[in-house]
Protein chains: 2
Amino acid sequence: MKRGPRVLVVEDEPAIAELIAVNLKHDGFLPVVAEDGAAAQRELNEVLPDVILLDWMLPGESGLMLARRWRADSRTRNVPILMLTARGDEPDKIAGLDAGADDYLTKPFSPREMLARIRAILRRRAPEQARERCEIGDLVLDAGTHRVTFQGQALKVGPTEFKILHFLMAHPERVHSRTQLLDRVWGDHVFIEERTVDVHMRRLRLALGAAAAHLETVRGVGYRMTATPEVTADGGGLAQQTG
Amino acid sequence: MKRGPRVLVVEDEPAIAELIAVNLKHDGFLPVVAEDGAAAQRELNEVLPDVILLDWMLPGESGLMLARRWRADSRTRNVPILMLTARGDEPDKIAGLDAGADDYLTKPFSPREMLARIRAILRRRAPEQARERCEIGDLVLDAGTHRVTFQGQALKVGPTEFKILHFLMAHPERVHSRTQLLDRVWGDHVFIEERTVDVHMRRLRLALGAAAAHLETVRGVGYRMTATPEVTADGGGLAQQTG
DNA sequence: TCCACATGTCACGAAGCCGTAACACAAGCG
DNA sequence: CGCTTGTGTTACGGCTTCGTGACATGTGGA
């Protein structure tokens with residue numbers, strides 16, 4: 001009942017499309033073929049794939065235009081795109097990257113390389129959205145319903161803050177650097193100031209209210225979600241030096 | 001002023017070189033740009049970088065030749081090389097890896113990916129600080145969660161003290177001189193008074209509390225972490241000397 | 001169009017950390 | 001004992017890091 005990653009293949013040449021689809025199926029992917037931009041758009045309206053294999057040369061709208069459009073649409077923005085291009089046109093490649101493609105594949109390519117690239121993208125982009133439900137103490141996050149509750153009470157958490165919280169709660173007790181958070185929450189393809197993470201942490205803490213005690217700052221390292229928040233009262237025999 | 005890892009950027013295209021340098025600087029690296037193999041060689045004769053970013057296509061000697069030469073030279077042999085290649089030429093990549101490149105990056109690439117690759121290389125090459133979890137008696141250090149516990153009780157340890165403790169616990173029973181500690185904890189090219197180590201040891205002992213018994217001073221040599229601390233009449237803790 | 005919300009960045013201040021000097025204490029040696 | 005060397009301890013100025021409020025921009029909906 002395990003379903004493989006969905007791959008939308010946008011390719012007008014039937015022979016190539018078939019070749020790709022067969023190889024994808026063979027490796028456990030679920031390919032859906034669209035012969036042009038319009039068909040691809042219809043497919044995207046139905047269900048979002050895990051990755052898009054986009055041919056550069058297409059009848060009607062070009063792959064470049066499509067990539068640009070999908071990157072502009074908030075719904076499809078985060079779907080990684082693997083561009084298929086004819087061999088050797090550097091300017092094309094740069095334009096494609098600008099349009100938001102995650103990687104390129106030069107035709108002709110070996111099926112093995114294609115599969116490797118797709119797996120690399122999936123590994124990079126979606127290491128694990130696996131955990132749908134996370135709990136830490138009385139704090140509960142449900143990715144399916146996109147809800148956060150603390151002691152049964154619903155909390156209002158913004159989109160970015162939700163992603164951060166999701167990641168932190170999926171990997172509790174572990175310290176995550178700002179760089180790691182940027183990579184995992186925002187994605188590797190953006191360049192954001194590390195300091196911005198701090199601001200979102202502040203917003204997350206405000207949203208969490210009392211539950212913010214579970215969110216700890218590790219000075220000089222990063223942030224951490226913990227089930228056992230530090231208490232001010234010192235329980236052990238620590239030799240505490242007073243200045 | 002904290003100094004980051006040195007990166008020698010061998011790239012003839014000024015625009016690309018500048019882009020790379022800016023991004024490296026932004027992330028705390030110290031980039032040095034060389035426009036061709038000769039300039040790179042001059043730079044290498046001066047000071048060895050922590051990693052070399054080597055463009056494949058260069059005026060004069062190609063990146064492949066340079067990589068091969070540097071790999072043959074005992075002085076530069078161990079400097080990791082990250083190769084920059086034009087997209088899509090598989091044979092080139094293989095040849096590059098044969099020549100001794102540690103990894104390659106396909107142009108065009110995102111700054112974030114470049115930084116991630118560099119960090120990955122440095123991490124891979126980095127010494128044995130790798131051990132995530134260390135135990136000595138009831139004292140446990142976990143680098144992943146950045147936590148130190150003694151008999152189950154969490155201890156509050158500052159950043160530098162944590163690094164010292166991590167190193168000592170990764171190499172227990174062994175005496176480490178102040179110089180060695182400075183090299184391993186602070187970095188090889190930092191000018192710090194050796195006496196400073198003593199002060200951090202003091203802070204570390206305060207943070208460790210009773211567990212400080214495992215941290216021994218070897219007079220005239222350095223410090224050591226031991227599983228079998230010497231038993232003293234006064235209980236082996238922090239005997240407070242009146243001052 | 002206006003409005004509400006989200007987001008990324010900056011400036012400023014507070015808190016914590018660091019390296020060093022200076023002094024106190026301990027250990028070795030004659 | 002007195003001297004020398006090595007280490008423990010404390011205080012402090014300077015610096016880094018973090019939290020916080022404010023602001024400009026972008027985005028989507030009424």
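Protein chains get the first letters and strands the later ones, always in sequence-line order, with residue 1 at the start of each.
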Quick one: [X] [atom1] to [N] [atom2], roughly how many Å, whole number?
{"X": "B:M201", "N": "C:dC17", "atom1": "CE", "atom2": "P", "value": "18 Å"}
{"X": "A:E194", "N": "C:dT7", "atom1": "CD", "atom2": "P", "value": "19 Å"}
{"X": "B:F191", "N": "C:dC18", "atom1": "CZ", "atom2": "C1'", "value": "18 Å"}
{"X": "A:I192", "N": "C:dT7", "atom1": "CD1", "atom2": "C1'", "value": "8 Å"}
{"X": "A:D198", "N": "D:dT17", "atom1": "CG", "atom2": "C1'", "value": "9 Å"}
{"X": "B:W186", "N": "C:dC17", "atom1": "CH2", "atom2": "C1'", "value": "12 Å"}
{"X": "A:H200", "N": "D:dG19", "atom1": "NE2", "atom2": "C1'", "value": "15 Å"}
{"X": "B:K156", "N": "C:dA15", "atom1": "NZ", "atom2": "P", "value": "14 Å"}

* Using the six-membered ring wherever Trp is involved, compare the ring planes of B:H146 and B:F162 and label them parallel, tilted or perpendicular (cut-offs 30° and 60°). =>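 The arrangement is parallel - the two ring planes meet at less than 30°.
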
Looking for any heavy atom pair under 4.0 Å, which part of the strands does [X] touch: base, sugar-phosphate only, or nothing?
{"X": "B:Y223", "value": "sugar-phosphate"}
{"X": "A:G158", "value": "nothing"}
{"X": "A:T196", "value": "base"}
{"X": "A:V157", "value": "nothing"}
{"X": "A:R205", "value": "sugar-phosphate"}

* **First of A:L206 and A:R178 reached from the 5' end of DNA chain D, by closest nucleotide** => A:R178

Which nucleotide wins on minimum distance to the side chain of [X], given the candidates [options]?
{"X": "A:R219", "options": "C:dC10, D:dC18, D:dG6", "result": "D:dC18"}
{"X": "A:T217", "options": "C:dG8, D:dG19, C:dG19", "result": "D:dG19"}
{"X": "A:R195", "options": "D:dC23, D:dC18, C:dC18", "result": "D:dC18"}
{"X": "A:E193", "options": "C:dC17, C:dC10, C:dC18", "result": "C:dC10"}
{"X": "B:E161", "options": "D:dG8, C:dC18, C:dA6", "result": "C:dC18"}

* Applying side chain to side chain contact (heavy atoms under 4.5 Å, CB included), run through B:D198 and B:R178 and close with a yes or a no. => CA-CA 8 Å; B:D198 296 34; B:R178 292 169 176 75; 2.7 Å; yes

* Ion pair present between B:K163 and B:E161, side-chain N to carboxylate O less than 4.0 angstrom? -> no

* Quick one: does B:R203 reach the base of D:dG8 with a side-chain donor-acceptor pair under 3.5 Å? ->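 Flag unset: no donor-acceptor pair detected.
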
* To do: Output, in order, the C-alpha distance, side-chain angles, deciding distance and verdict of side chain to side chain contact (heavy atoms under 4.5 Å, CB included) for B:I164 and B:M201.
  => CA-CA 8 Å; B:I164 295 173; B:M201 285 302 174; 3.6 Å; yes

* Asked: Considering residues, nucleotides and ligands other than A:R174, do more than 12 of their heavy atoms fall under 6.0 Å from its CZ?
  ->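 No, because the 6.0 Å sphere around CZ of A:R174 holds 12 heavy atoms or fewer from other groups.
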
